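One structure is given below, encoded as structure tokens.
Only a predicted model underlies this, so the values are computations on that prediction, with no experimental measurement involved.
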Amino acid sequence: MTSEAVMHALQAAALWSGLLILLMLVLSGMVVSGRRKHLVSFGDGGHPDLMAASRAFGNCVEYATTGMAALAMLALVSGQAWMVHTVGATLLAGRIIHALGLLLQTGPSIGRVLGMALTWIALLAAGVGLIAYGVL
């Protein structure tokens with residue numbers, strides 16, 4: 001793989017990681033806003049909207065952090081840029097859809113199910129790709 005191809009993969013990882021970080025900041029801002037609205041300094045104070053915002057943020061951080069590490073590793077082991085873009089786009093879509101499912105509906109929702117499915121598909125693809133690069 002050429003150094004130019006590695007650079008494209010690193011740029012792809014940077015793009016999707018940056019977008020995931022922005023999503024985390026938006027979700028974090030929603031938590032802060034909810035805490036100010038309800039005058040809660042810690043936790044959710046029993047407010048369902050604040051609990052949903054907190055879980056949307058927390059769940060995003062839990063999965064996006066692992067995903068960003070996987071994107072960086074894929075790029076560093078000379079993964080193809082198209083693979084990094086595919087994993088990154090799928091992960092970002094999954095995290096957005098999941099967050100909307102938590103924020104806009106109570107209880108089980110198609111957004112949560114679809115968002116998690118996309119997230120798991122992205123992480124599975126990254127994991128398999130990294131294992132393949134590690135043993136080949």
Side-chain angles (χ1 to χ4, degrees):
M1 186 172 214
T2 68
S3 61
E4 185 177 335
V6 171
M7 184 55 64
H8 288 296
L10 287 169
Q11 288 172 322
L15 169 68
W16 296 110
S17 295
L19 290 170
L20 286 160
I21 290 167
L22 291 179
L23 175 61
M24 286 190 273
L25 286 171
V26 167
L27 294 173
S28 175
M30 293 177 79
V31 173
V32 170
S33 176
R35 285 188 177 151
R36 292 179 122 183
K37 173 184 170 185
H38 296 296
L39 302 175
V40 174
S41 61
F42 185 79
D44 58 41
H47 301 280
D49 61 326
L50 183 51
M51 180 172 39
S54 294
R55 282 314 310 141
F57 169 69
N59 197 277
C60 184
V61 169
E62 291 161 5
Y63 284 97
T65 304
T66 301
M68 288 186 289
L71 291 170
M73 287 300 300
L74 281 171
L76 290 171
V77 298
S78 301
Q80 300 291 318
W82 66 264
M83 184 175 187
V84 177
H85 278 298
T86 301
V87 169
T90 304
L91 180 61
L92 180 64
R95 294 294 78 218
I96 290 171
I97 293 167
H98 185 268
L100 291 173
L102 274 170
L103 294 168
L104 301 178
Q105 292 181 297
T106 57
S109 71
I110 189 68
R112 291 174 66 191
V113 172
L114 180 59
M116 283 311 305
L118 289 171
T119 298
W120 288 344
I121 288 167
L123 293 177
L124 177 63
V128 170
L130 288 168
I131 291 167
Y133 283 110
V135 297
L136 298 179

Between Glu62 and Arg55, is there a salt bridge with N-O shorter than 4.0 Å? yes
Report yes or no: do Tyr63 and Leu20 belong to one cluster of Ile/Leu/Val/Met/Phe/Trp/Tyr joined by side chain heavy-atom distances under 4.5 Å? no
Is there a path from Trp82 to Leu15 through hydrophobic residues (I, L, V, M, F, W, Y) whose side chains come within less than 4.5 Å of each other? yes
Take Leu114 and His98 through the side-chain contact (heavy atoms from CB on, under 4.5 Å) test and state the conclusion after the steps. CA-CA 7 Å; Leu114 180 59; His98 185 268; over 6 Å; no
From Leu118 CG over to Ile97 CD1, what is the distance, rounded to the nearest 0.5 angstrom? 5.0 Å
Let me see the working for Val84 and Gln80 under side-chain contact (heavy atoms from CB on, under 4.5 Å), right down to the final yes or no. CA-CA 7 Å; Val84 177; Gln80 300 291 318; over 6 Å; no
Distance-minimising heavy-atom pair for Gln105 and Ser109: OE1-CB, 2.7 Å
Considering all heavy atoms, the nearest Ala64-Arg95 contact: N-CD, 4.3 Å
Side chains of Val40 and His47: does their closest heavy-atom pair fall under 4.5 Å? yes
Just wondering, do Leu100 and Arg112 contact through their side chains at under 4.5 Å, heavy atoms? no
Over 12 non-hydrogen atoms of neighbours within 6.0 angstrom of CE in Met73: no
What are the two closest non-hydrogen atoms of Ser17 and Leu71, and how far apart are they? OG-CD1, 4.1 Å
With the side chain counted from C-beta on, respond yes when Met68 and Met24 share a heavy-atom pair under 4.5 Å apart, and no when they do not. yes
Could you tell me whether the side chain of Val87 reaches within less than 4.5 Å of the side chain of Leu123, counting heavy atoms only? no
CG of Leu91 to OG1 of Thr86: how many Å apart, nearest 0.5 Å? 12.0 Å
Joint cluster assignment, Leu92 & Met83, ILVMFWY side-chain distance < 4.5 Å: yes
To the nearest 0.5 Å, what is the distance between CG (Leu25) and SG (Cys60)? 10.0 Å
Leu74 and Gly129 have their tightest heavy-atom pair at CD2-C, 4.2 Å
So do the side chains of Pro48 and Thr106 get within less than 4.5 Å of each other, counting heavy atoms only? no
Hphob cluster co-occupancy, Ile96 + Leu104, side-chain heavy atoms under 4.5 angstrom: yes
Salt-bridge contact Arg35-Asp44 (side-chain N to carboxylate O under 4.0 Å): no
If you take all heavy atoms of Ala75 and Ala13, which pair is closest and at what distance? CB-CB, 4.1 Å
Would you mind reporting whether Thr2 and Met7 have side-chain heavy atoms less than 4.5 Å apart? no
More than 12 heavy atoms from other groups under 6.0 Å of CE on Met30: no
Euclidean distance, Ile121 CD1 relative to Leu124 CG, rounded to 0.5 Å: 8.0 Å
Take Leu76 and Val6, measure what side-chain contact (heavy atoms from CB on, under 4.5 Å) needs, and give me the verdict at the end. CA-CA 7 Å; Leu76 290 171; Val6 171; over 6 Å; no
Measure the spacing between CG of Leu103 and CG of Leu27 and express it to the nearest 0.5 Å. 6.5 Å
Quick one: CH2 on Trp16 to OG1 on Thr90, what's the gap to the nearest 0.5 Å? 8.5 Å
